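To start, the structure under review is shown below, and the notes come after it.
Since this is a predicted model, take the numbers as computed values, not measurements. Here is how names work: the chains are called A, B, and so on, in the same order as the sequence lines, proteins then strands, and each is numbered from 1.
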Amino acid sequence: MEMDIDDSCKARGEEERAKPIVVILMGAPGSGKSTFCEHVIRSSARSWVRVCQDTINNGKAGTKVQCLTNAVSALKEGKSVFIDRCNLEKEQRVDFVKLGSPQVEVHAVVLDLPAKLCISRSVKRTGHEGNLQGGKAAAVVNRMLQKKELPKLSEGFSRIMFCQNESDVKAALDTYSGFGPLDTLSHGSFGQKKPDTKVQLGIMKFLKKVEAPSNAGASASSIQGSAASQIIEEKNSCCGGKETASSLSHTAGEEVRGCQDPGVGSTSRNGSSSDGPILAFPSISTADFQFDHEKASDIIVEKVEESMDKLGNAKLVLVDLTRGSKILSLVRAKAAQKNINPKKFFTFVGDITKLYSEGGLRCTVIANAANWRLNPGGGGVNAAIFNAAGPALEVATKEQAKTLVPGSAVVVPLPATSPLSSKEGVTHVIHVLGPNMNPHRPNCLDGDYVKGCHVLQKAYTSLFEGFLSIVSTQAKLSQESNEKIKLEPSQSQGHSKDGPRNHSPTGDQKNKRDGVREHEISKKCKGSQNEVGTSINSFRAGKVNAENDKRDVSTSKAWGSWAQALYHIAMHPERHKDILLDILDDVVVLNDLYPKAKKHLLVLTRCDGLDCLEDVRKEHLQLTKTMHAVGLKWAEKFLDEDASLVFRLGYHSVPSMRQLHLHVISQDFNSKLLKNKKHWNSFTTAFFRDSVDVIEEISNEGKATLKDDDRLLSMELRCHRCKSAHPNIPRLKSHISNCRAPFPTSLLQNDRLVLAPSNTNNP
DNA sequence: GTTCTAGAAC
DNA sequence: GTTCTAGAAC
């Protein structure tokens, strides 16, 4: 008999002795964090260490790294830790959340008390350890509270207590004072009476910090296992063993039978979590919606094939209840024909709601062939999933979306209270609505397979994108937590020797900086604010639609520090006068630092919140026109100097550098800095979106089409004029230096190329 | 042996 | 985005 997840976890939990925990306090100065700690420490049976940034450095203020180091060593000694610093912004607490592990839970206690109270306490206070006294305190508290981002379970907390008045604080004190070394506290988010969504959203808009669907706004009693926390749990779960790829290495020609093959079951049951997440999905529309199986199987295989490159270590599994089902055999045959990697995609016979408990296959994400109302009823997979998941799924689903249009999908983080989560290890359900060919069901396409195939393709695209968005969040989180644990202790030693000069910008300093930024935004970019809000809402809702919501995946994109240079220039042009060719109200102009042609300029928007083409919407139409006009002016200036040049103006579909910028680049590509395939293809394939087309699309459709397929950048090297192929960059460059073929007609249309009037390429 | 690419690190 | 470099390609 196989143990289910709960049992095995319990068994292990009982073997071990006291488990230390980390409690991250959050609150403005004067909210009572230190008092809280002292009170608990005095009366608790646990052994606590209070890590206070204000005093950590021999009674003086220290660094965050010092705090982390001290916390790590306290945990090693089996002591529980209070992190006593403001921690009001998510970014400030993220590293402390990473102190958590399967053995160490991370809790949050939010002292979300009225600002007035905090201020009056701070002002009155004398001899406070952080030396925050007097009139300055009011300003500091206010400024900090403006930045307040209430914690969410998705950040990695297993428990959050919100305290909004003194009696809440008392309750939290009692909870932790009486929290003995062997006790456990229930997981979830407690005490949030008035979810501060308005403030949250404002800050989110401004900072563009978009997270996986969260529980902000959930009722006080809701215990929502959110994406991040569950994934981390999953990753380090006591049930997660090692899996070798071979345990899943069934050829596409094989059918993996669930519960009837104990061998398969026992090897793969532990593995998927350590070897990458798995999406289990039913065939969409082929059951009740009566979609042609032959056509559906083509589409499944086609869409699976498209996703292969993006999967990383994730896997896709097509699941069907019945052995020898037609759709499974068709898909298997076609997948084998196309040489689709059977380790990344295979078929499985079993109940999609019991893949782990009965089939030994651990799938963290399952897809549901939903109905348009997202109702539990009906039959088949939909009824089975809603039944198995219990009411929690229904509630979580309704929080995300009310209805679904054919061809779209919605990602629903599954609350930890759902049996599907606890028994099967499912963290997310993705509802997908496919096309309907059944006249007895809504939206029947009446045999129109042109449309039907299109909708089914969209449905799978949406499904796989939804899955990939979950995977990328997971990958990022686990990578970060691994890195930090390894890095921080050694770094911290170095820092402590250097003394407090190496402080990361926290507190006052950072607030000042951000204050300036906020001011600039409200001044400069009123138009875009609503827009950013919209995108956040759609992300929060977890909707994924192949047609218009790719941004859901990328809004969460993290920009590396190296990718911020343009952003800094755009925000503070006055500091970069030496490299700027022009500073205008809405844009600045500069030479590309690494020009890929004789002339290569960037026209950079000054609007905060516009990171890339994907963020551009109708509100930015005028801005894109301005950028084009400015770029054109410069191109024409260069053409005056050298009439042989030809310019193209456009955007990269997915830029490497943050902050929307228009490339103005001469088509000679005569630059030793053009070194690799990516350089070449980013300017000569569909990845490069002509400014004129972008403007037209924004005007007509409200947004630009992106060609963000990675394959574009690794395509064979072809001359941009005669389209001849070349084996490597040096050979290509030697060719283009001599090629005088006319430009392709597509480029000669619609003013995509900018030429001197005398140029013979001019049609 | 040299050239070139592609992936990791920054 | 670049730089660095191992190893593939020649």
Side-chain angles (χ1 to χ4, degrees), chain A residues 65 95 276 308-313 472 475-476 478-488 490-491 494-495 502 504 554 557-572 576 578-581 588-605 610-615 650-666 669-685 687-689 706-719 724-737:
Chain A
V65 173
D95 289 330
M308 280 292 123
D309 292 344
K310 304 175 202 158
L311 277 177
N313 65 346
S472 64
K476 224 182 99 197
S478 65
Q479 189 194 351
E480 278 175 6
S481 58
N482 287 343
E483 275 170 9
K484 289 286 170 182
I485 286 163
K486 272 183 279 175
L487 282 175
E488 296 285 0
S490 61
Q491 279 180 350
H495 279 217
N502 279 345
S504 55
S554 70
K557 171 172 180 170
W559 300 90
S561 57
W562 50 263
Q564 310 277 2
L566 293 178
Y567 174 75
H568 293 312
I569 293 170
M571 292 303 110
H572 300 287
H576 303 273
D578 49 335
I579 55 160
L580 291 177
L581 302 173
V588 296
V589 183
L590 65 155
N591 277 312
D592 192 303
L593 192 57
Y594 297 92
K596 305 298 185 296
K598 278 184 187 166
K599 294 290 179 193
H600 184 183
L601 296 184
L602 302 179
V603 180
L604 183 63
T605 176
L610 266 190
D611 289 350
C612 56
L613 191 53
E614 197 181 5
D615 295 334
Y651 301 88
H652 283 157
S653 286
V654 182
S656 300
M657 304 291 283
R658 176 183 178 189
Q659 192 69 357
L660 182 71
H661 53 279
L662 173 72
H663 290 270
V664 179
I665 185 165
S666 61
F669 295 111
N670 181 355
S671 162
K672 61 179 186 195
L673 296 169
L674 196 161
K675 291 175 176 171
N676 60 44
K677 205 173 236 188
K678 186 176 172 185
H679 290 157
W680 178 255
N681 284 333
S682 70
F683 288 104
T684 59
T685 67
F687 186 86
F688 189 83
R689 303 286 298 118
L706 303 178
K707 307 282 181 187
D708 60 349
D709 191 332
D710 281 351
R711 285 173 296 188
L712 282 173
L713 294 179
S714 46
M715 267 172 40
E716 59 189 341
L717 298 165
R718 284 189 179 274
C719 172
S724 58
H726 300 270
N728 54 43
I729 290 286
R731 300 269 285 273
L732 171 78
K733 289 176 98 169
S734 114
H735 167 83
I736 57 170
S737 66

- Item | Phosphate OP1/OP2 of C/dG1 contacted by A/H679 side-chain N/O (<4.0 Å) | no
- Message: To the nearest 0.5 Å, what is the distance between NZ on A/K596 and CG on A/N670?
- Response: 13.5 Å
- Task: To the nearest Å, give me how far apart CH2 (A/W559) and C1' (C/dG1) are.
- Result: 11 Å
- Message: Distance check needed: C/dG1 P versus A/Q659 CD, whole Å only.
- Response: 14 Å
- Can you check the A/L604 CG to C/dG1 C1' distance for me, whole Å? 14 Å
- Query: Taking the six-membered ring for Trp, are A/F683 and A/F669 parallel (under 30°), tilted (30 to 60°) or perpendicular (over 60°)?
  - Reply: tilted
- Message: Rounded at 0.5 Å granularity, tell me how far CG in A/D611 sits from CZ in A/R658.
- Response: 4.5 Å
- Query: C/dG1 C1' sits how many Å from A/Y651 OH, rounded?
  - Reply: 19 Å
- Query: Whole Å only: how far is the CG atom of A/L673 from the C1' atom of C/dT3?
  - Reply: 12 Å
- Has A/K733 got more than 12 heavy atoms of other residues, nucleotides or ligands less than 6.0 Å from its NZ? yes
- Exactly one candidate in A/I579, A/L601, A/V664, A/L580 meets side-chain contact (heavy atoms from CB on, under 4.5 Å) with A/N591; the answer is A/L601
- Query: Is A/H652 touching bases, backbone alone, or none of the nucleic acid, heavy atoms closer than 4.0 Å?
  - Reply: sugar-phosphate
- Treat primed atoms plus P, OP1 and OP2 as sugar-phosphate and everything else as base, then score nucleotides 4-10 of chain B 5' to 3': B for base contact with protein heavy atoms under 4.0 Å, S for sugar-phosphate contact only, - for none. SS----B
- Mind checking what makes side-chain hydrogen bond (donor to acceptor under 3.5 Å, both in side chains) contact with A/T685, not counting sequence neighbours? none
